[in-house]
Amino acid sequence: MTVTILLFAVYRELANTASLDLELPAEATVRDAMDRLRSLPGLGCLPAEPTVAVNREYSSLERDLRPGDEIALIPAVAGG
Amino acid sequence: MTVTILLFAVYRELANTASLDLELPAEATVRDAMDRLRSLPGLGCLPAEPTVAVNREYSSLERDLRPGDEIALIPAVAGG
Amino acid sequence: MAPEAGGARVIGRLSDDPIRVEELLRAGSSADGAVTVFVGRVRDHNHGRPVIRLHYEAYGEMAERELAAILDETAGRWTLSHLEAVHRTGTLELGELSVAIVVAAPHRATAYEASRHVIEEIKRRLPIWKREEYADGETEWVGPAPSEA
Amino acid sequence: MAPEAGGARVIGRLSDDPIRVEELLRAGSSADGAVTVFVGRVRDHNHGRPVIRLHYEAYGEMAERELAAILDETAGRWTLSHLEAVHRTGTLELGELSVAIVVAAPHRATAYEASRHVIEEIKRRLPIWKREEYADGETEWVGPAPSEA
C-alpha cells in the first residue's frame with residue numbers, strides 16, 4: 001500500500017522535501033513506516049519514538065496503517 | 001482630643017453626612033470612638049467589629065488615637 | 001507609588017473617565033514574551049437581579065495608597081516589566097469597564113499569576129464601594145472584603 | 001469547530017496577518033463581568049541569545065483541528081460566553097503578536113483559568129513550529145511539546 005509522509009520544520013529541511021510517498025507491505029504499522037524513513041537521505045537521525053499524527057490526529061506508533069493514510073512527523077520542542 | 005470620622009457608602013447615607021468630628025478623652029482607642037459613634041443618629045446599627053482605617057491605613061480597633069487622627073469606616077461586602 | 005518597583009514600571013490610578021484598553025495594551029517592551037489584560041465589566045445582573053447601572057464611590061486618598069501598595073508588593077514578588085491597574089469611579093453604564101489590569105512579563109506564568117493576584121487584592125483591600133441600581137428601583141451597596149485577609 | 005460549544009461562542013483560527021487585539025476585546029456581552037486577554041509577543045531573546053526574527057510554520061489542517069478541539073474542551077469545562085484564539089503563521093518581527101486568547105465569562109476565576117488552559121494546550125498540542133533567527137546568523141526550530149501530555 002502507499003501512504004503519504006508529511007515533513008515539517010527541521011525534518012523538512014533535513015530531508016529537503018515537505019512530503020513523500022512510501023510503499024509499504026499490507027499490515028504495516030506507523031513504526032514500520034518510521035523504520036523505512038530512517039533509511040532515506042537526511043532522516044537517519046529520526047528518534048526511536050518520534051511524535052506522529054495519522055490523518056491529522058496524534059497517533060501511537062503501533063497503529064495499523066491503511067492505504068492513503070497521511071502520516072505527519074511532529075518534531076517536538078527543539079531540534080536542528 | 002478631636003478626631004475626624006469619615007463615612008462612606010451605606011454609613012454615609014445612614015448618618016446623612018460624609019464626615020464628622022468627635023471629641024474623645026485622651027487615651028481613647030478606635031473602639032472607644034466606635035462606641036461613641038453608635039449613639040449618633042443613624043449609626044446605632046454599627047457592627048461590634050467594624051472594619052476601620054486610621055490615617056488611610058487599615059487598623060485594629062485597639063489602636064490608641066491621637067489628636068487629629070482620621071478614622072474611616074470601611075463598610076464591607078454588602079449593606080443597606 | 002514607586003514607579004520602578006523591582007525593576008518594573010508600575011502605574012496605579014483611579015479614573016473618573018472611561019478606561020481605554022487599547023492604550024494599555026502597548027505596555028512593556030520586546031523583552032516581554034507575555035502580556036495579560038484583565039478587565040472587569042458592569043454586568044447586567046448580580047445574584048439573579050437585573051442591574052441597570054452602577055455608581056462607584058471611593059475613599060480616594062486611601063484607595064490610591066492601597067493600590068500603589070498592592071502593585072509594589074506584586075512587582076516585588078514576580079519578575080515583570082510593566083504593571084498597570086486602573087479602577088473607575090463615578091457612574092458606569094452596563095458593559096463599561098470598572099477595572100483593568102495589564103501585566104507584561106518575560107514569561108506567561110508570571111503574567112497570569114501577577115494579574116490574578118492584583119485583582120484579588122483590589123477586590124479585598126481597595127476602599128471603593130459600588131451602589132448597584134436594580135431594574136426594580138432598589139439599590140444596594142457592595143464594598144471590599146478585608147476580613148477575608 | 002463548534003461555534004456554540006457549551007453555550008459559548010467559540011472561534012479558533014490561524015492567521016497570516018497581524019493580530020488586532022482591539023477587535024478581539026469587544027468579545028462577549030454585558031452578561032460577562034470578566035474578560036481576560038492573553039497575548040504572546042516575539043521576544044528579543046531566548047535562553048540568553050538575541051533573537052532578531054521568527055518564522056512560524058504550521059501543519060495547517062491539523063493545527064486548526066487541534067485548536068478547535070482545545071477550544072471545545074475548554075468551553076465544555078468552564079462556563080463562559082466567548083472564547084477566541086488566534087495563532088500567527090509566517091514571518092514575525094520583534095514585538096509582533098504570535099498568539100492571542102480572549103475569554104469573556106460571568107466570573108473572573110473562569111476567565112483566568114480557561115485562558116491559561118488554552119495557552120498551555122496550544123503550546124503542548126498545536127503542530128506549529130517556530131524558526132528563531134539569532135543575531136549571530138544561526139537559526140533553531142522550536143516545536144510543540146506533546147510528550148508533556
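Owing to the predicted nature of the structure, the values given are computational and were not obtained by experimental measurement. Naming: A, B, ... by sequence-line order, numbering from 1 per chain. Note that these values count all heavy atoms, side chains included, but never hydrogens, waters or copies made by symmetry.
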Specify the closest pair of heavy atoms between D:Asp32 and C:Arg43, including all atoms of both residues, with the distance to one decimal. C-CG, 3.7 Å

Could you name the residues of residues 47-54 of chain C that have a heavy atom within less than 4.5 Å of a heavy atom in chain D? none

Looking only at heavy atoms, which of residues 89-96 of chain C get nearer than 4.5 Å to chain D? C:Leu94, C:Gly95

Hey, could you give me each pair passing ring-ring contact (aromatic ring centres under 6.0 Å, His included) that has a residue in residues 86-118 of chain C? Not counting sequence neighbours.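 Output for this query lists C:Tyr56-C:His87, C:Trp78-C:His117, C:Tyr112-D:Phe38.
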
What part of C:Val35 is in contact with chain D, defined as an atom under 4.5 angstrom from a non-hydrogen atom: side chain, backbone, both or neither?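 Contact with chain D involves both backbone and side-chain atoms of C:Val35.
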
Listed once per pair and sorted, the salt bridge (Lys or Arg N to Asp or Glu O under 4.0 Å) pairs that draw on residues 74-84 of chain C, sequence neighbours left out: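 For residues 74-84 of chain C, and leaving out neighbouring residues, there are no salt bridge (Lys or Arg N to Asp or Glu O under 4.0 Å) pairs at all.
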
Interchain contact, [X] with chain C, by part (heavy-atom threshold 4.5 Å):
| X | result |
| --- | --- |
| D:Ala100 | neither |
| D:Val39 | both |
| D:Ser115 | both |

Heavy-atom pairs under 4.5 Å with chain D - which of C:Glu120, C:His45, C:Arg116 has more of them than the others?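 Of the candidates given, the most pairs with chain D belong to C:Arg116.
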
